[in-house]
Every structure is written in C-alpha cells, then in structure tokens.
Amino acid sequence: QVQLVESGGGLVQAGGSLRLSCAASGRIFGNYALGWFRQAPGKEREFVAAIRWSTALAVIADSVRGRFTISKDNAKTTVYLQMNSLKPEDTAVYYCAFGAAVRSSPGSYDSWGQGTQVTVSS
C-alpha cells in the first residue's frame, strides 16, 4: 500500500505560478512512476505529467508543455509539479498517482492522493 499526500494548491491569478508537492510513503520499491492528473468539474480526469523514479524520464502533456515541469527529490520521495504561466483553464483538482510505469491513462496507476484544488482567476 502506498500513501500519497499532495500539497501546494491554492488561488492564483492568471499568469502566476504554483508548485504542487506529493509525498509518497509505504511499500515503494523497484521501478515505479509518480504522475499528476487533474480533473475539472464535469470533465474526465486528465493526464498532466509523470516521472519514472529510477531514470527521471519525464512525460508532459501537450496542454501544459512549456509551462509545467515535473521533478523529484529522491531523499524525500517527493515529486513536484511546477506550474508557471497559469491560465483559468488550468483550474482543477490536481491528483498525484503512483504506478508501475509512466503512462497517461488513469487506470494504469494503483494509488491516488486526496487531491489539491488549484484555482486560477482571470
């Protein structure tokens, strides 16, 4: 069982920045991936970014590439999502997820955090 705790969400004006954190704990071993997804009201959960822990291979969704960056801290088993040049359409609940590989499908991930709200005002 893997536990994920997100933090860093909040309210920001368009053009601003936020950094989300996801601390992982529990049965973490071998090659695995940590990813970020988001879900806006009335919409499906959307892939944002993911990183493979062992190699730091990162994948970023087209919708946020150039604005968002995913990174990790090995010592803290924490993954970060740096979000710059935020837009109102980035407003959503952001979820951290743990899985065996870097995939864009939510079904590929086994454990999820509780989510953190990001609201971007125009």
Same apolar cluster: [X] and [Y], side chain cutoff 4.5 Å:
X    : Y   : answer
I51  : V48 : yes
V118 : Y80 : no
V93  : M83 : no

Under 3.5 Å donor-acceptor, [X] side chain and [Y] backbone:
X    : Y   : value
S21  : S7  : no
T91  : E89 : no
Q117 : G9  : no

For the residue pair [X] and [Y], establish whether any side-chain heavy-atom pair is separated by less than 4.5 Å.
X   : Y    : result
W36 : V79  : yes
K72 : T78  : no
R52 : N31  : yes
W53 : L34  : yes
L20 : T116 : yes

Practice problem: Check whether the side chains of S17 and N84 place a donor and an acceptor atom closer than 3.5 Å, and report yes or no. | Solution: yes
Quiz item: Are a donor atom and an acceptor atom from the side chains of Y94 and R38 found within less than 3.5 Å of each other?
Solution: yes
Exercise. Output the distance between atom CG (L86) and atom CG (L18), rounded to the nearest 0.5 Å.
Key: 5.5 Å
Quiz item: What about the rings of F47 and F37, do their centers lie closer together than 6.0 Å?
Solution: yes
Quiz item: L11: which other cluster members, linking ILVMFWY side chains closer than 4.5 Å, directly or transitively?
Solution: none
Quiz item: Got more than 12 heavy atoms from elsewhere within 6.0 Å of CD, Q13?
Solution: no
Side-chain donor-acceptor distances from residues 96-113 under 3.5 Å, at least two apart:
{"residue": "S105", "atom": "OG", "partner": "G107", "partner atom": "N", "Å": "3.3"}
{"residue": "Y109", "atom": "OH", "partner": "R103", "partner atom": "N", "Å": "3.1"}
{"residue": "Y109", "atom": "OH", "partner": "R103", "partner atom": "O", "Å": "2.7"}

Expected list for residues 61-71: side-chain donor-acceptor pairs under 3.5 angstrom, two or more places apart:
{"residue": "D62", "atom": "OD1", "partner": "R65", "partner atom": "NH1", "Å": "2.4"}
{"residue": "D62", "atom": "OD1", "partner": "R65", "partner atom": "NH2", "Å": "3.2"}
{"residue": "S63", "atom": "OG", "partner": "E46", "partner atom": "OE2", "Å": "3.4"}
{"residue": "R65", "atom": "NH2", "partner": "I60", "partner atom": "O", "Å": "2.5"}
{"residue": "R67", "atom": "NH1", "partner": "S85", "partner atom": "O", "Å": "3.0"}
{"residue": "R67", "atom": "NH1", "partner": "D90", "partner atom": "OD2", "Å": "2.7"}
{"residue": "R67", "atom": "NH2", "partner": "S63", "partner atom": "O", "Å": "3.3"}
{"residue": "R67", "atom": "NH2", "partner": "D90", "partner atom": "OD1", "Å": "3.0"}
{"residue": "R67", "atom": "NH2", "partner": "D90", "partner atom": "OD2", "Å": "3.4"}

Quiz item: Has R45 got its NZ or CZ under 6.0 Å from the middle of the six-membered ring of Y95, at an angle within 45 degrees of the ring axis?
Solution: yes
